Amino acid sequence: MQLLHTIRTKFAPVLSQWLPDQNSLQASLDRIVASRDASLADYQANVAMPLQKIVGKPPLEIAQAIVQGLQMGDLCSEVSIAGAGYVNLRLSNSFLANACEAAYQSDKVGLQGAQEPKTFVIDYSSPNVAKPMHVGHIRSTVIGDSISKILRFLGHHVITDNHLGDWGTQFGMIIYGYKHFRDDAAFQKAPVAELGRLYRVVQRIIGYQSLVANLETLERNTKLAAEKLQSLTEKQSAAPNDKKLQKELKSAANAAKETAAELESAKLSIANAQSDSSFIERCRAHPQLESRVLKETSKLHHGDKENLGLWEAFLPHCKEEIHGIYERLNVQFDHELGESFYHDMLPAVIEELMLKELATHSEGAICVFLDGFDAPMIVQKQDGAFLYSTTDLATALFREREFEPDACLYVVDHRQSEHFQKLFAVLAKLGLTHTTFKHVSFGTVMGQDGKPFKTRSGENIGLESMLDEAIARAWEVVCNPNRIKSFGMELTEEEKRDIANKVGIGAIKYADLSHNRTSDYVFDMDKMVQLEGNTAAYIQYSYARTRSILRRASGEEFQITDWPAASIQIAQPAERALAMQILRFEDTLMQSTHDYLPSVVTDYLYELAKLFSSFFDQCPVLKAETPELIRSRLKLTELTGRVLKQGLELLGIETVERM
RNA sequence: GGGGUCAUAGCUCAGUUGGAUAGAGCAACGGAUUUCUAAUCCGUAGGUCGUAGGUUCGAAUCCUACUGGCCCUGCCA
């Protein structure tokens with residue numbers, strides 16, 4: 001149910017006497033919120049204080065007038081005024097009980113759903129298929145999947161699209177690699193692994209060559225920075241109190257330090273590479289590899305038979321690989337329209353931009369210049385090739401025609417925010433003004449050292465091995481024989497595998513979703529698999545406990561099966577706290593979709609699981625005083641389980657009946 | 001140089017349209033168990049919300065400046 005809306009509706013007639021205008025009335029109603037401190041109130045209306053200017057009376061007097069005018073009916077057991085003029089509400093136990101009853105009878109745990117369903121296109125995951133997927137891809141995939149599920153559950157029309165990078169430079173790299181470095185036997189045996197190896201071989205050579213090529217510039221810059229620092233230091237000693245100079249000195253010192261460190265690390269990498277003689281030989285044999293790779297890419301894009309043939313041969317293998325990962329993550333898409341799908345539409349995009357005089361030639365490229373940005377959006381390179389900005393424009397135009405969405409969400413990392421600002425500005429100029437485009441950005445996954453999460457040698461961490469490790473650790477903890485024996489549970493091997501799998505994958509997903517989407521977070525496998533505190537396992541465990549009680553109830557010892565027909569009673573503090581949290585489910589989902597924050601849902605579920613634990617501790621279910629109470633609590637337990645399961649499902653996390 | 005973003009307990013983090021005494025988890029300490037699954041519950045301790053101003057009934061939250069970190073900044077995606 002939409003609890004907040006129900007409460008706010010009661011306030012509307014009273015507040016409208018001072019706020020005849022709909023907008024200001026709504027703004028005032030929005031100040032009625034769940035109380036942060038449950039000991040003060042369940043809900044609080046912070047409406048009287050801002051009204052003092054409009055009404056011309058002290059807040060306390062206004063609050064009194066509000067309370068006198070309110071017709072809360074059965075909803076509240078207590079309405080009071082506190083502090084500077086807060087109107088505090090205490091929901092009545094009978095209301096909570098009835099509302100839980102209704103939620104229990106409903107097939108969607110009481111969900112009313114969106115009044116005006118909208119159409120969303122959600123673009124997420126979108127990896128480059130020829131490269132191995134790494135930890136950086138997990139956020140987009142997991143966040144996008146969760147947002148899609150929540151919106152869909154609320155009744156919106158959601159179209160998910162995995163915009164695969166299946167047409168870019170990385171294919172030039174593996175095509176070049178395949179032509180020159182392939183191991184046929186290895187390719188026969190495991191094509192994806194071999195392609196991955198070829199990608200890394202080519203990447204390493206390009207990396208080395210670019211380091212060598214830039215070494216001179218780097219040395220010069222380092223020298224210049226050091227000289228600048230030197231001269232500023234001299235000036236500083238002449239004028240020690242010049243603040244501007246001090247600032248300059250500081251930034252010069254930083255710059256000198258940075259360039260020196262960069263030079264040092266470049267030299268080190270080069271020295272390391274040079275100790276590998278076969279590698280150096282390869283580099284000599286393939287000079288200027290980057291431009292050779294670009295040529296292969298360009299040939300592919302221009303329909304070269306051989307390259308197109310290789311691309312067609314590689315792509316199914318690459319797709320199979322990532323589909324394997326999606327299967328493990330239990331993530332599905334409605335569409336998988338990659339970059340290659342849009343290739344033929346790109347010239348028309350440029351044509352339209354030129355025709356509408358949005359794009360101009362500049363320095364040999366075709367660019368769209370936008371107010372507020374120094375650099376233009378480049379849509380066609382000097383060499384005639386298109387860029388991802390061109391593809392993104394074509395994609396947006398295609399989706400507009402095909403799906404007619406109300407909103408398009410791009411779940412992409414925050415470093416691309418400027419790209420999306422430009423993209424959206426151009427789309428607006430192209431007349432796509434009735435669709436809301438939104439970059440749902442997210443922060444970087446950091447290592448323990450506070451730097452982007454990489455292996456010690458600087459490589460990205462493979463997604464597959466990360467999932468394997470999470471599952472292995474989940475196994476160790478969950479299927480620990482001592483623990484299982486301690487409460488006499490016998491699990492088959494198959495059941496153990498299933499549990500370890502769902503707990504391990506759940507741990508990774510939950511760790512990602514529970515952090516605020518926009519902030520960076522430190523990746524800590526120990527912690528996320530630790531199964532204590534704010535983790536998926538704690539919630540999954542709570543769910544398993546609800547199932548355990550229900551299993552026992554209908555088992556031989558108690559033989560109770562008639563609780564669905566009984567009525568829910570709310571009396572104990574732990575019962576009412578649990579009931580109220582259950583009823584806040586829909587409000588939580590709506591709040592979560594307001595700015596696409598799955599962490600709102602994780603917080604909610606964690607709180608619900610904690611409240612259930614308290615309830616479990618303080619309110620015996622099967623050993624309650626009366627048969628009626630036993631049945632009431634069984635019903636509440638079942639309802640809690642349903643919400644926990646549904647909530648986890650919206651996060652893409654599965655549950656188990658026993659763990 | 002320009003722009004973006006972040007700074008909250010020892011650690012990892014919540015705190016979204018400004019609301020009452022700033023909250024969790026971990027780590028530390030103390031209690032509860034013949035268990036409806038102790039992977040639990042209850043409690044103690046821990047803070048000048050980066051600094052300085054401003055806006056107002058009220059600021060961790062909004063504005064300005066400063067300090068520090070990360071990111072982006074014309075032909076990769």
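Predicted model, so just to flag it, every value in this text is computed and none were measured. Atoms considered below: every heavy atom in the structure, side chains included; atoms not considered: hydrogens, waters and symmetry mates. By convention in this document, chain letters (A, B, ...) are assigned in the order of the sequence lines, proteins followed by strands, and residues within each chain are numbered from 1.
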Polar atom pairs (N or O), protein with nucleotides 44-47 of chain B, under 3.5 Å:
none

Show the distances under 3.5 angstrom between N or O atoms of the protein and N or O atoms of nucleotides 21-27 of chain B.
none

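- Counting to the nearest Å, the P atom of B/A77 and the CE atom of A/M173 are 13 Å from each other.
- When heavy atoms are screened at a 4.0 angstrom cut-off, A/P50 is found touching base atoms of the nucleic acid.
- The residue A/V621 sits close to a base: some heavy atom pair falls under 4.0 Å.
- A sub-4.0 Å separation between OP1 or OP2 of B/A77 and a side-chain N or O of A/S389 is absent.
- Taking atom CD of residue A/E607 and atom C1' of nucleotide B/A14, one finds them 11 Å apart after rounding to whole Å.
- A/S548 comes within contact range of at least one nucleobase, with a heavy-atom separation under 4.0 Å.
- Using a 4.0 Å cut-off, no side-chain N or O of A/N46 falls inside it from OP1 or OP2 of B/A20.
- Within residues 25-33 of chain A, the residues approached by RNA chain B to less than 4.0 Å at the level of any non-hydrogen atom are A/D30, A/R31, in residue-number order.
- Salt-bridge check for A/D520 with A/R139: failed, with every basic side-chain N at 4.0 Å or more from each acidic carboxylate O.
- We find that CZ of A/F171 is positioned 18 Å from P of B/C76, with the value rounded to whole Å.
- Stem analysis of RNA chain B (at least three stacked-register Watson-Crick or G-U pairs, each with both distances under 3.5 Å) gives B:1-7 with B:67-73, B:10-13 with B:23-26, B:28-32 with B:40-44, B:50-54 with B:62-66.
- Within 4.0 Å (heavy atoms only), A/D603 reaches sugar-phosphate atoms of the nucleic acid but no base atom.
- Summarising the geometry, the separation between CD on A/E290 and C1' on B/A77 is reported as 13 Å, rounded to the nearest angstrom.
- Counting any heavy atom pair closer than 4.0 Å across all strands shown, A/Q591 reaches no nucleic acid atom.
- Between the side chains of A/S80 and A/R90, no donor N or O sits under 3.5 Å from an acceptor N or O.
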Heavy-atom protein contacts under 4.0 Å, nucleotides 68-75 of chain B, coded B base, S sugar-phosphate only, - none: S--SS-BB
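- Between B/A77 and B/G18, the two C1' atoms lie 40 Å apart (nearest whole Å).
- Residue-level contact check: A/D392 touches neither bases nor backbone, having no heavy atom under 4.0 Å from any strand.
- Taking a cutoff of 4.0 Å between a charged side-chain nitrogen and a carboxylate oxygen, A/R292 and A/E296 do not qualify as a salt bridge.
- Put simply, CG on A/N516 is 14 Å from C1' on B/U12, counting in whole angstrom units.
- If you check every strand for non-hydrogen atoms under 4.0 Å, A/A82 touches a base.
- Residue contacts for A/Y521: at a heavy-atom cut-off of 4.0 Å it reaches the sugar-phosphate backbone alone, with no base atom in range.
- A/Y541 comes within 4.0 angstrom of a nucleotide base, judged by non-hydrogen atoms across all strands.
- The ring pair (Phe, Tyr, Trp, His ring centres under 6.0 Å) analysis of residues 362-386 of chain A, with sequence neighbours excluded, yields no pairs.
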